[in-house]
A.B. asks: 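Structure incoming, see below.
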Amino acid sequence: MSGYSITRISRYHYAVGPALLLVLAALIALPGFADKATLRLATEMAGYMALAIMWNLLAGYAGVMSIGQQAFVGAGGYAIFMLAGSAGLPLIPSVVAAGVIAAALAIPVGYILFRLNGAYFAIGSWVIAEIFLLITAQSDRLGAGSGLSFPTAVAKTFGKSDERAALFWWIALAVAVVAIATAYLWLRSSRGLALTAMRDDESAAAGLGVDVVRNKFAVFLLAAAIAGMVGAVLFLGKLRISPTSAYDINEWTASIIFIVVIGGIGRLEGAIIGTLVFFGLRSYLADFGSYYLMALGVIAIVMMLKMPKGLWGFVYDRTGIEIFPMRRNIVRSGEGRP
Amino acid sequence: MTALLETRNLDAFYGDFQALYGVDVKLEEGQCVALIGPNGAGKTTLLRSLVGWVPVARETVLLNGQPIGGMGPDKIVSLGIASVPEGRRLFPSLTVDENLLMGTESGRAGPWTLDKVMEVFPALRDRRRHRGSDLSGGQQQMVAIGRALMSNPKVVLFDELSLGLAPTIVNDIARALPLMRDNGISIVLVEQDVRRALAMSDYAYCILEGRINLQGVSADLAFEDIEKAFFGAEA
Amino acid sequence: MTELINSLAQGVLIGGLYALFAAGLSLVFGIMRVVNLAHGDLIVTGSFMTFATVSMLGLPLWLAVLIVLPMMGLLGYVLQRGLLNHTIGTDVLPPLLVTFGISIILQNGLLQIFTADNRKLDFGAIEVMSLQMGPVAMGWYAILVFAVAVATIYGLQFLSYRTRLGRVLRATTDDPEVARVMGVRTDHVFGIAMAIALVICGIAAILFAAWTSFTPLSGPSRLLIAFEVVVIGGIGSIWGTLAGGITLGVAQALGGYLDPAWQTLAGHIVFVIILALRPAGILGGRR
């Protein structure tokens, strides 16, 4: 009788790794053949995708429903304006620092929020984001209600307008890659298994010795760090920040939720496909203003009710394709996938 | 003659897991039937199928010959099948009287009133304004039974009547069963305590791994046969 | 000093309005275990309904009340049976996401119909009349709002503890599964509960429409107030919503007394402090 082993890899997955590298190479080379407007759009997409990956990790895997991620996006945005702008510190360390600052803020925030349950956590996180907004709007150093402009002199040190666009794109791409990689590695680790166990049955996971709250907290901090870096790079691109744009729930949370719901909650690939769909819809329909937003609301509700696993879940259930393999196959040794 | 309540070739599932395989049981008018078997054998699933908590095919549960399988629990109780769930499950924030009155939500007419329940369980008399959560286990069980009676049922399903209660208290409660039968109520009993189940019932079914593997008139069933049935035929 | 006392009195009175914002949210959470993220937008929808009937159609206020409240109740029942009942289950995500979607639809729908202009109802002379008690002056309209709030909450209490519907609602709150086995049509009861919640929202909406100006985007801040009141006052406690409302109203009044810009912030901060100091007490140990 032959032995069995557990593997995540099925045959076609040997092709996935090289294909991903190829895509990544093409994305890095993007400034070579894309114009400034395209780069800006791509930068925005990378930022949204990173936020969506993290929100998916929070809600889809850890069962943490936050609708206050704009707190950390805004904090990161303001951090970069203070660090790289006012203080003139080097750009890339400043972006990383923005992430660290956001995560540091997430510690006391999490300490309070994790006392709240499910749905109450959601609104509590929103209250926290409102507090961030109101305090920022009271702070003269942060430009109070009218906000800050990035100092032109400092912006010029990043190069000419199209060089800047390329630089910001690479940073945003790096943040997105870091988000996907950490989420993927996290989910494949023993902590990831714990996360999935938590999602499926919290009390059972606790019974198995999984520290539920600590695991959730860790994901929350990671998500805050990524959100801070995304805020940093996206507001760098805008060169302006104000309290209402920095802590905008529609921009930084509602859109992200839409992306995750459309793409598929609980699937890393869902965030990617959701981002593409969202930006596709936006480019064609955004001119319709309120009607466009109402349509997004309707689509999200219909998806939630009729296709709760999202587009990628729909594809996965029919084909079994995964870009980031999570499922474990039991394979008889000496044979491939049966 | 059609039975009052019967299952025909009943299959039941929890998701992908099949809990019952082709179960046939019968309850005649005025009878008390016991379902016995080890933990996880499918007794409670069978009861939950009758209550409407587990979805099953329409034709597999019949009340007076009419198919009722898979109907909602609210519909089933309105047809006269009441239940005393495992663990009593009183409404903790309601008083004893309010708990009992919830039985009237079945919308069925009949003889049962608060006063009549108090006659059956005098121990509840001075507890009527207490909350369900303030009562002892035995008193809670009395309220749970009273609540079922208030729906004026034809059949009452008992899930683990004696679980977690002292034997003397169980005896007190069990006295209600003959009284219920005098009032024309038939009974299905799920019970861990095999001797007690046989003593209280007319007919018994033994369930193992989702199948009936022994049945007979309670008085005729030998305890050894049941022990054998519990551990499977080949043991 | 007089100014401080005046603003505190104002804080207590607006607490009544806040309690009305919160009562429906609390009721719905208690029974369906659903936090309705569209709650604030539903209140604002009620305000716009009132605005439309009074200011646009020119109907008298009493008629507007008779139109708006039943319409809100109907809206609640239909919303619950038609949509929200399909989201109830063990997972908290679907109801949150669906109500979030409703929130966005309502906001943008109202924007489309009523534009982003500030609106306010005019209730006439009562808005400027005040009751002078020694040095303290309290607006008659604020007193009216508070009285309506107390009466509404008393009514809710009466309904819950003195009627058959209330008994069924509380039983369903305790254990919906067993309630169904007793013959309760829980789908219908959920619809009724949402209808009651939205009638209370409607009462709040009418009072709110004359209290201050509002826009289609005023909903989220009403939701946050309602939520904070529920958590401060204790989940599931009917009179707790009034206590929570007054606490929040006074906190805001104190903040606003120190610096007008701090009014809203002070409310949020008091909420966070209470949450940090009394986590289990407020949530009743549910985790």
Side-chain angles (χ1 to χ4, degrees), chain A residues 59-60 63 65 67 108-109 111-124 126-135 137-138 144-145 199 201-202 212-213 249-250 253-254 257-258 260-261 265-266 288-306 308, chain C residues 25 29 33-39 83 86-87 90-113 116 216 220-221 223-224 226-228 230-231 235 259 261-269 271-273 275-276 278-280 282-283 286-287:
Chain A
M65 171 83 194
I67 51 177
V109 166
Y111 173 75
I112 293 164
L113 287 182
F114 278 98
R115 291 151 186 252
L116 291 173
N117 227 348
Y120 275 76
F121 185 104
I123 308 193
W126 190 356
V127 171
I128 298 284
E130 284 298 299
I131 292 178
F132 275 44
L133 185 155
L134 291 167
I135 289 179
Q138 296 298 309
R199 175 186 58 177
D201 187 342
E202 206 162 279
V212 174
V213 173
I249 186 173
N250 289 322
T253 297
I257 292 177
F258 178 81
V260 174
V261 170
I265 286 180
F288 294 97
S290 320
Y291 287 121
Y292 158 67
L293 291 168
M294 286 168 80
L296 289 192
V298 172
I299 292 172
I301 290 174
V302 171
M303 285 295 286
M304 202 67 227
L305 294 176
K306 299 292 176 203
Chain C
L25 191 73
F29 180 78
R33 301 275 155 214
V34 166
V35 171
N36 178 6
L37 291 183
H39 184 78
L83 199 54
H86 302 288
T87 69
T90 49
D91 195 351
V92 296
L93 218 52
L96 277 176
L97 295 183
V98 168
T99 53
F100 200 59
I102 295 171
S103 157
I104 287 171
I105 294 170
L106 284 177
Q107 282 176 28
N108 289 287
L110 290 174
L111 270 175
Q112 204 60 46
I113 302 171
S221 56
L223 168 67
L224 293 188
F227 169 71
E228 291 175 344
V230 171
V231 174
I235 290 159
D259 178 345
W262 281 79
Q263 192 178 336
T264 314
L265 188 56
H268 291 327
I269 288 174
F271 162 75
V272 168
I273 290 172
L275 199 57
R278 293 194 45 204
I282 288 164
L283 271 189
R286 290 188 68 254
R287 181 173 275 260

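Chain identifiers are assigned alphabetically (A, B, ...) following the order of the sequence lines, protein sequences preceding nucleic acid strands; residue numbering begins at 1 within each chain. Hydrogens, waters and symmetry mates play no part in the numbers below; they use all other heavy atoms, side chains included.
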A.B. asks: Can you find a pair of side-chain heavy atoms, one from A:L305 and one from C:L83, that are under 4.5 Å apart?
C.D. replies: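 The answer is yes, as the side chains (C-beta and beyond) meet within the 4.5 Å cut-off.
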A.B. asks: In terms of heavy-atom pairs under 4.5 Å with chain C, which of A:V298, A:L134, A:I257 leads?
C.D. replies: A:L134
A.B. asks: Side-chain contact test, heavy atoms from C-beta onward, threshold under 4.5 Å: evaluate it for A:I301 versus C:L97 and give yes or no.
C.D. replies: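 With C-beta onward as the side chain, the pair stays apart.
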A.B. asks: Side-chain contact test, heavy atoms from C-beta onward, threshold under 4.5 Å: evaluate it for C:L37 versus A:I67 and give yes or no.
C.D. replies: yes
A.B. asks: With chain A, which of C:I105, C:I269, C:T87 has the greatest number of heavy-atom pairs at distances under 4.5 Å?
C.D. replies: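 When all of C:I105, C:I269, C:T87 are compared, C:I105 has the most.
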A.B. asks: I need the C:F271 CZ to A:I123 CD1 distance, nearest 0.5 Å.
C.D. replies: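 One finds 9.0 Å between CZ of C:F271 and CD1 of A:I123.
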A.B. asks: Which pair of heavy atoms, one from C:L111 and one from A:S290, lies closest together, and at what distance?
C.D. replies: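 Looking at all heavy atoms of both residues, the shortest contact is CB-OG, 4.2 Å.
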A.B. asks: What distance separates A:Q138 CD from C:D259 CG, expressed to the nearest 0.5 Å?
C.D. replies: 6.0 Å
A.B. asks: Minimum heavy-atom separation for A:R115 and C:L275, please, with both atom names.
C.D. replies: NH1-O, 3.7 Å
A.B. asks: Between A:V127 and C:E228, which heavy-atom pair has the shortest distance, and what is it?
C.D. replies: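 Heavy atoms only, the tightest pair is CG1-OE2, 3.2 Å.
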A.B. asks: Quick check for you: among C:L96, C:I102, C:N108, which has the greatest number of heavy-atom pairs under 4.5 Å with chain A?
C.D. replies: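 Highest number of pairs under 4.5 Å: C:N108.
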A.B. asks: Drop me the distance from A:M294's CE to C:Q107's CD, to the nearest 0.5 angstrom.
C.D. replies: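 Going from the CE atom of A:M294 to the CD atom of C:Q107 covers 11.0 Å.
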A.B. asks: Walk me through it: do A:V261 and C:F100 pass the test side chain to side chain contact (heavy atoms under 4.5 Å, CB included)?
C.D. replies: CA-CA 12 Å; A:V261 170; C:F100 200 59; over 6 Å; no
A.B. asks: Mind checking whether A:W126 and C:L223 have side chains closer than 4.5 Å, heavy atoms only?
C.D. replies: yes
A.B. asks: Quick one, A:I131 and C:V272 - any side-chain contact, counting heavy atoms below 4.5 Å?
C.D. replies: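 Counting from C-beta outward, A:I131 and C:V272 do come under 4.5 Å.
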A.B. asks: Does the side chain of A:M65 reach to within under 4.5 Å of the side chain of C:L93, using non-hydrogen atoms?
C.D. replies: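 In contact.
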